[in-house]
Amino acid sequence: MQTACQAVQHQKGRRQYKKLRNLVKDARHDCIVFANEFHQHSYLPREKGESMEKWQTRSIYNAAVWYYNHCLGQMPVVMVTEDEDAIRQYGNETEGVFVISFKNYLDNFWPDLKAAHELFDSILQARRERESESQENNGKEYPEHLPVEILEAGIKSGRYIQGTLNVNKHRAQLEAFVRLQGFGSKETELQSDILIYGARARNRAIHGDVVAVELLPLHEWKGRTVALCENEAEDKAPADTTGDPMPTGKVVGIMQKNWRDYVVTFPSKEESQSQGRNAQKILVTPWDYRIPKIRISTQQAEALQDYRVVVRIDSWESTSVYPNGHFVRVLGRIGDLEGEIAAILVENSICVAPFSEIQMSEMPVSSSKNPWKVNPEEEKNRLDLRDTHLIFSIDPKGCEDVDDALSVRTLPNGNLELGVHIADVTHFVAANSYTDVEARARATTYYLADRRYDMLPSVLSADICSLLSGVDRYAVSVLWELEKESYEMLRVCYNKTIIRSTYKLVYEAAQGLLDGDTSGVGDILELKDLDERTRQKKLAELVWAISKLTDIARHVRAKRDSCGALELEGVEIRVQLDDQCNIHDLIPKQPLEVHETVAECMILANHWVAKKISENFPHQALLRQHPPPRQEFFTELRECASAKGFSIDTRSNKALAESLDKANDPLDPVVNKLLRSMATHAMSNALYFSTGSCPEEEFHHYGLALEKYTHFTSPIRRYADIVVHRLLMAATLNETKGDVKDNVFSNKDLQELCRHINNRNRAAQRAQKQSTELFQCMYFKDKTPETDERCIADGVIYSIRINGVLVFVPRYGIKGAAYMKNKEGLILSCQDGRSCEWKPGSLHRFQNKITSTTTTGESVTLSLFDHITVKILVQTSRCHADTIKLEIIRNAPYQTSDTEVSQKNLHIVKSDLVKEVSQSAEAAQHAQEKARVEVVAEDYQEYCQTKGASLYQLLEEIRDLALLDVSADIRT
């Protein structure tokens, strides 16, 4: 009801009002807002002297009575309120209209909904505790926040600076930084983040909040920590471990609270006893180091000690050291695989319930007995390429959900035609349908180390929209006419098409054909059962097509390279399954030229679609920008490169690309990989945006060296691509229905959608990284580092700190800290390749090296890019995620007696890593799952999310989204 929504705004503020409006607007909740104040029979004028609250209550009741009568009394109407006077006054006035408290509503209408009752009790208890505490405690722990109007005026004048609070997870007690949003003072012209030092200066702001900051006087500025730190409560660093002073400030107000659900752990029995007199008030520790402890009121603390639990923050008064919150639900046992995965999902605000029946009812029917067929009416409206084009896909082994295919042919005039064909997902996902609304909310498919959560139901992604060979499929095709020699683009067209892919190739087979190796031809299913003459003819056609595609891709890539396109480095891991669909192997992806061929064709299609939609919709097209990085972020890259005698020019993307190409150590290829990884780390994230929200000179994609770019080629897994498909259809097709352009978002709505998609993409990347780290830790946790060879590996130093070094372990793609000074003050001494020991002494850090000198005069120096032998251990934590810890055991590269044995062991280690963890978790859950296996079998395939075999099939298909690759967001 309109008045009820406005009452929330009046009593709770605009933030709560916006949350309520967003919930109501979400089509998945089937809610309608009745504008009762604009209806003749339900409007009530406010009486003289009547308070706003009384008038709103009276209006809501009057509208409820009208609605009850409007429905002819066929359905009771419930008005829920905590106003006891209203309950007394209206409770028995109209039969069929119930005016009751929320507790009575739960008791009478939902008596069996145990979770809702527990949640209500938790919130009620937290509110009582907060009210009694504010009466008891008049002392201020923190300064009061300034009113919003003063903050807004101060930001405009430049007195205050607005930005997002980012807490340093390694020194969460003391260090946070505010990243500027561009609204700050023009006078200060700050080029760096603002340091917020200490809890009091943070003034109750929580990681992710948008805050207003006041700069401190210059003499109070501090430096950020340059020492390696472990996350500990008593996190006090000596003065000599900080860098140069930087802008330092304090939070004076919070512009926007970004509170969410938090995963926490209850204190152990010993910790509970030490917390004090009131056993119902419990300080719980969040899984995320950056979030402060939260005080909740519960009587279940002892029962929940061994579980991961979800809580919400209700408030943080200036009189309280900690925020107050309430218990929401239990996730699972600490250390249990499913519980830890659930924690990762909650921490990243990822909600992925199975697709609902109403969403599945919108899906077309397709089964082995009754496969989907082309509609004859639709066939008339599409360009038919089935008999004219040799179309094929190139994907990883086992991939079944193919959303892109390629073609190249010679035209009658002698020129070439290049084609990129993308699954026409939007034909099956109508705008604003239930499936579309769900896909928009998810925004992307979420990939974890052992599973994925789909954006769209699998009947689309793995069947009807999958461009498999030998079957008819709807596609959206981009076709270019190219000059036969120079490959200059003469013409481009965009069409809705019907295609029939001829070959479904794997990368290795395509690369073999490109190299002239025909030994893998027997694995191409489409060439089997043909007579020799026909087979050789078709094989020659296919080899010509792949070779010509590669030539074109080389030409297109060379043009981008000349403009400054970057080749960045990330650790990309391929997941391989055995016949039983267990993860059998984790293998670093081997780069093949055919990978680049396919990627270049996709980039080309994305670029040309971006040009088309931005021309037709200059103020409401969805594009993807990659801003140039801030120069100060390249400092570490330049310093590291200089240690090897290389000079890195970061003034432009072209200069950076050329510098990285030259920074190549022929004796150690890891050096160039690490330098490229550092360049990746320095980059800004690529972001979606609406063309009406920023000037055209900001459209540029720095990493790809393109003026305009978007995402068009993967509508199965990215909602941005679905939006772009609709824009392209509106821009190119003369639809007789006339409703295509009605589905185009306004600039304001599109920019809001882009913010949502960008946020979900960041969450997907974090969840992917955290799940990979979880599997790494669970694998190494059960190993004995002293005796297990798999815990010893070669490491490369890539950063020097005051008290240790940062090390990259290529064997596992792990990066971690290795301390050279322990908590007792002893230093690490390594002599002549022997095992290292802890001895009294001192450390001296220089720009490119660190030297440890014992009291007996023994000295050892470790330099950037030195290869050392490290031991891999797991640092366990009851309340937080476990982390990988590295220990230096020898100041020399890790050596094995036999390279062949080494490679064999490497294979075993990688295959064991996820497989062992998965199998142990399955054994632990076998008993509880046994009862539901039979019920799940049929419905799981139709309604639930994907696990097991499909992980490999889709993960491999997604070439630009690596398990550990932060550059994926930059590259495309």
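Note that these values count all heavy atoms, side chains included, but never hydrogens, waters or copies made by symmetry. Fair warning: this is a prediction, and the values are worked out from it, not measured in the lab.
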The reported gap from CG in Leu622 to NE2 in His725 (rounded to nearest 0.5 angstrom) is 12.0 Å
With sequence neighbours left out, what residues match Asp424 under side chain to side chain donor-acceptor pair (under 3.5 Å)? Arg382, Thr426
Drop me the distance from Leu456's CG to Ile464's CD1, to the nearest 0.5 angstrom. 12.0 Å
Looking at the rings of Tyr453 and Tyr447, which for Trp means the six-membered one, are their centres under 6.0 Å apart? no
Between Gln359 and Thr435, is there a side-chain donor-acceptor contact under 3.5 Å, judged purely by atom types and distance? no
Please check if any side-chain donor atom of Arg624 sits under 3.5 Å from a side-chain acceptor atom of Asn758, or the reverse. no
Side chain to side chain donor-acceptor pair (under 3.5 Å) partners of Ser433, counting only residues at least two apart: none
Is it the case that the side chain of Glu483 and the backbone of Glu485 share a donor-acceptor pair, with hydrogens and angles ignored and the cut-off at 3.5 Å? yes
Salt-bridge criterion met for Arg535 and Glu532 (N-O under 4.0 Å): yes
State which residue, out of Arg554, Lys559, Arg560, fulfils the salt bridge (Lys or Arg N to Asp or Glu O under 4.0 Å) condition with Glu600. Arg560
May I ask you to check whether over 12 heavy atoms, not counting those of Asp529, lie within 6.0 Å of atom CG? no
Lys504 and Ser393 have their tightest heavy-atom pair at CA-OG, 3.6 Å
Pair Trp480 and Tyr494, ring centroids less than 6.0 Å apart: no
Distance col, row Leu514:CG vs Ser547:OG, nearest 0.5 angstrom, shows 5.5 Å
Walk me through whether Asp661 and Arg676 qualify under salt bridge (charged side-chain N to carboxylate O under 4.0 Å, His left out). CA-CA 9 Å; Asp661 287 342; Arg676 290 185 186 276; 2.8 Å; yes
Heavy-atom closest pair, residues Leu727 and Val744: CD2-CG1, 3.6 Å
Quick test of your reading of the model: are Asp384 and Arg386 salt-bridged, counting only N-O distances below 4.0 Å? yes
Just by distance, no angles: are the side chains of Asn747 and Gln620 close enough, under 3.5 Å, to form a donor-acceptor pair? no
Can you name the nearest heavy-atom pair linking Ser614 to Leu623, along with the distance? CB-CD1, 4.2 Å
Note: Thr497 and Val476 closest approach over all heavy atoms is OG1-N, 4.3 Å
How about OH on Tyr487, more than 12 heavy atoms from neighbouring residues, nucleotides or ligands closer than 6.0 Å, or not? yes
Worked verdict on Glu615 versus Lys611 for salt bridge (charged side-chain N to carboxylate O under 4.0 Å, His left out): CA-CA 6 Å; Glu615 285 168 8; Lys611 292 207 293 187; over 6 Å; no
Spatial distance of atom CZ (Phe617) from atom CG (Leu728) [nearest 0.5 Å]: 9.5 Å
Can Asn606 and Tyr709 be counted as having a side-chain donor-acceptor contact under 3.5 angstrom? yes
Ionic contact status for Asp531 with Lys537, cut-off 4.0 Å: no
Test your reading of the model: is there a side-chain donor-acceptor pair from Arg442 to the backbone of Asp454, 3.5 Å cut-off? yes
Please step through salt bridge (charged side-chain N to carboxylate O under 4.0 Å, His left out) for the pair Asp436 and Arg726, ending with a clear verdict. CA-CA 12 Å; Asp436 184 55; Arg726 289 177 182 149; 3.1 Å; yes
Separation between OG1 of Thr732 and CG of Asn616, rounded to the nearest 0.5 Å: 8.0 Å
For Asp463 and Ser366, which I'm curious about, is there any donor-acceptor pair between the side chains at under 3.5 Å? yes
Side chain proximity check, Leu383 to Ile498, heavy atoms < 4.5 angstrom: no
Dump the intermediate steps for side-chain contact (heavy atoms from CB on, under 4.5 Å) on Cys694 and Gln625, then the final yes or no. CA-CA 11 Å; Cys694 67; Gln625 65 184 167; 4.1 Å; yes
Qualifying residue, where the test is ring-ring contact (aromatic ring centres under 6.0 Å, His included) with Tyr688 and the options are His626, His701, His711: His711
With Ser407, the side-chain contact (heavy atoms from CB on, under 4.5 Å) member among Ile391, Leu390, Thr502: Ile391
Atom pair NZ/CG of Lys708 and Leu704 - distance to nearest 0.5 Å: 16.0 Å
Verify the distance criterion only: is there a donor paired with an acceptor across the side chains of Asn375 and Glu379 at less than 3.5 Å? no
Please name the pair of heavy atoms, one in Phe392 and one in Ser501, separated by the smallest distance, quoted to 0.1 Å. CA-OG, 3.7 Å
Is there a donor-acceptor contact under 3.5 Å linking the side chains of Glu417 and His389? yes
Closest non-hydrogen atom pair, Leu418 against Cys601: CD1-SG, 4.5 Å
So, the side chain of Ser746 versus the backbone of Asp749: is there a donor-acceptor pair under 3.5 Å, distance only? yes
Pair Ser477, His421: side-chain N/O donor-acceptor within cut-off below 3.5 Å: yes
When you look at NE2 of His619, are more than 12 heavy atoms from neighbouring residues, nucleotides or ligands closer to it than 6.0 Å? no
